Amino acid sequence: MSATVSFTVPSPHDPEPVTLSYTRVGTGEPLLLLHGIGHHRQAWDPVLHILAAERDVIAVDLPGFGESPALPVGLTHDLATMNAALSAFCDALDLDRPHVAGNSLGGLLALGLGRDKLVRSVTALSPAGFWTQAERRYAFGVLTAMRHAARRLPLPLVERLSRTAAGRTVLTSSIYARPHRRSPEAVVAETLALAHAEGFSETLRAGITVRFTDDVPGVPVTVAWGTRDRLLVRRQGVRAKRIIPRARLVRLPGCGHVPMNDDPALVARVVLDGSR
């Protein structure tokens, strides 16, 4: 069921109010799901009910994405503030050190929560932050082009393209290895989410200098990478393993950058195994 929760986050002056939208389903140990930049919580829909059979699953729209408004003027969309907001979100929902799984930006945020000992386990799917400068510039260029296209395309054209496998490939092949598997309704919704994401530009700017260089001791970590990830290439997973040597590195055959739709059963199993 979709819901919202409001709380405050510290700022250099007074605490600032933040509101986040989320979906919560299932029973078991809590599992927080974090999406990537420009996406929304529905990115997890292909695996949501598989996970909910064994976990209390909370899929959240990050600040400035999906149905969550951007952070107020006193807060910036950098990693420290985003993780502070997620920590306050967990407190507001009485989530005591949930498991967390994240994709792309969400994977980077998940690793930050793990480093700060705020979660029980981390599963990071193609997490950001393990790039070279050239790889980061390439990824940001692709994301910016996707954003411009989403904002320029008239809705009737998006709807028409979404009705065919070829059209869904045009709209989403940068992030999915099997875009034909995405439903027309989901493609339209995520194109609109990208076009209307209030936090996109500031979050992207904040990521220019970001690299994840810390170990995550004392917390089980799984890093999984799609073999057909065209946005953050899979050699970045090898770098992640060097930086977090106790992490379990998992290969996702045939999956792209957002693997939940490419192989829901495999991704759900990786997340469940990582959150034991």
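Below, all heavy atoms of this structure are taken into account, side chains as well, without hydrogens, waters or symmetry copies. Note that the structure is predicted; figures quoted are calculated from it, not measured.
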According to a hydrophobic-cluster definition based on side-chain heavy atoms being under 4.5 Å apart (Ile, Leu, Val, Met, Phe, Trp, Tyr only), do Val188 and Val170 belong together? no
Look only at the side chain of Ser87 and the backbone of Ala84, and say whether a donor-acceptor pair between them is shorter than 3.5 Å. no
Starting from Val158, can I reach Val258 by hopping between I/L/V/M/F/W/Y residues whose side chains sit under 4.5 Å apart? no
Thr222 vs Asp273 side-chain heavy atoms within contact, under 4.5 Å: no
Kindly determine whether Ile58 and Leu93 satisfy side-chain contact (heavy atoms from CB on, under 4.5 Å), including the steps that lead there. CA-CA 10 Å; Ile58 306 96; Leu93 293 187; 4.2 Å; yes
List the steps, then state whether side-chain contact (heavy atoms from CB on, under 4.5 Å) holds for Met260 with Leu125. CA-CA 9 Å; Met260 297 85 80; Leu125 309 175; 3.9 Å; yes
Does Arg24 come within less than 4.0 Å of Asp56, counting only side-chain N to carboxylate O? yes
Reported CD1-to-CZ distance for the pair Ile175 and Arg182, which is rounded to 0.5 angstrom: 7.5 Å
Mark yes or no for whether Ser6, through its side chain, and Thr19, through its backbone, hold a donor-acceptor pair below 3.5 Å. no
Interatomic distance, CG@Leu86 vs CG@Leu118, rounded to 0.5 Å, equals 9.5 Å
Pair Glu54 + Arg276: basic N to acidic O under 4.0 Å: yes
Verify, without hydrogens or angle tests, whether Asp262 (side chain) and Ala177 (backbone) share a donor-acceptor contact under 3.5 angstrom. yes
Which pair of heavy atoms, one from Val25 and one from Ala52, lies closest together, and at what distance? CG2-CB, 3.7 Å
The test is side-chain contact (heavy atoms from CB on, under 4.5 Å); show your working for Asn261 and Thr172 and say whether it passes. CA-CA 11 Å; Asn261 188 75; Thr172 65; over 6 Å; no
State yes or no: do Val187 and Trp44 share one hydrophobic cluster built from I, L, V, M, F, W and Y residues joined by side-chain heavy-atom distances below 4.5 Å, directly or via other members? no
Can you spot which of Leu20, Val60, Leu194, Ile37 makes a side-chain contact (heavy atoms from CB on, under 4.5 Å) with Phe65? Ile37
Side-chain donor-acceptor pair present, Arg55, Ser275, cut-off under 3.5 Å: yes
Do Leu171 and Leu153 have side chains that get closer than 4.5 Å, going by heavy atoms? yes
Minimum heavy-atom distance Leu108-Val210, with the two atoms named: CD2-CG1, 3.7 Å
Quick one: pull up CG in Asn103 and CG in Leu109 and give me the separation to the nearest 0.5 Å. 11.0 Å
Count I, L, V, M, F, W, Y as connected when their side-chain heavy atoms are under 4.5 Å apart, and connections chain through other members. Are Leu249 and Leu232 then in the same cluster? yes
Close side-chain approach of Leu79 and Leu105, heavy atoms under 4.5 Å: yes
Following the transitive rule for hydrophobic clusters with a side-chain heavy-atom cut-off under 4.5 Å over Ile, Leu, Val, Met, Phe, Trp and Tyr, establish whether Ile50 and Leu252 coincide in one cluster. no
Sub-4.5 Å side-chain heavy-atom contact between Val122 and Arg115: no
N/O donor-acceptor pair under 3.5 Å between Ser68 side chain and Ser21 backbone: yes
Answer yes or no: is there a donor N or O on one side and an acceptor on the other, between the side chain of Glu202 and the main chain of His77, under 3.5 Å? yes
Pick from Tyr138, Phe140, Phe212: which one makes a ring pair (Phe, Tyr, Trp, His ring centres under 6.0 Å) with Trp131? Phe140
Of the non-hydrogen atoms in Gly74 and Pro12, which two are nearest, and what is the gap between them? O-CD, 3.9 Å
Heavy-atom nearest pair, Leu34 first then Ala110, reads CD1-N, 4.0 Å
For Ser2 and Arg41, test the side chains for any donor-to-acceptor distance below 3.5 angstrom and give the result as yes or no. yes
What I'd like to find out is whether the side chain of Leu113 reaches to under 4.5 Å of the side chain of Val219, using heavy atoms alone. no
Whether over 12 other heavy atoms sit under 6.0 Å from Arg269 CZ: yes
With distance as the sole test, does Arg136 use its side chain to make a donor-acceptor pair with the main-chain N or O of Ile208 at under 3.5 Å? yes
Does the side chain of His39 come under 3.5 Å of the side chain of Glu190 through a donor N or O and an acceptor N or O? yes
Would you say His99 and Val271 make side-chain contact, with heavy atoms under 4.5 Å? no
Could you report the tightest heavy-atom contact between Ala165 and His180, atom names first, then the distance? CB-CB, 3.9 Å
Passing option when Trp225 is tested against Pro259, Pro127, Cys255 for side-chain contact (heavy atoms from CB on, under 4.5 Å): Pro127
Measure from the side-chain N and O atoms of Arg211 to the backbone N and O of Phe130, and report whether any donor-acceptor pair falls under 3.5 Å. no
Nearest heavy-atom pair of Pro220 and Arg120: which atoms, and what distance? CD-O, 3.2 Å
Quick check for you: to the nearest 0.5 Å, what is the distance between His257 atom NE2 and Arg234 atom CZ? 15.5 Å
Kindly determine whether Leu71 and Val9 satisfy side-chain contact (heavy atoms from CB on, under 4.5 Å), including the steps that lead there. CA-CA 10 Å; Leu71 294 173; Val9 174; 6.0 Å; no
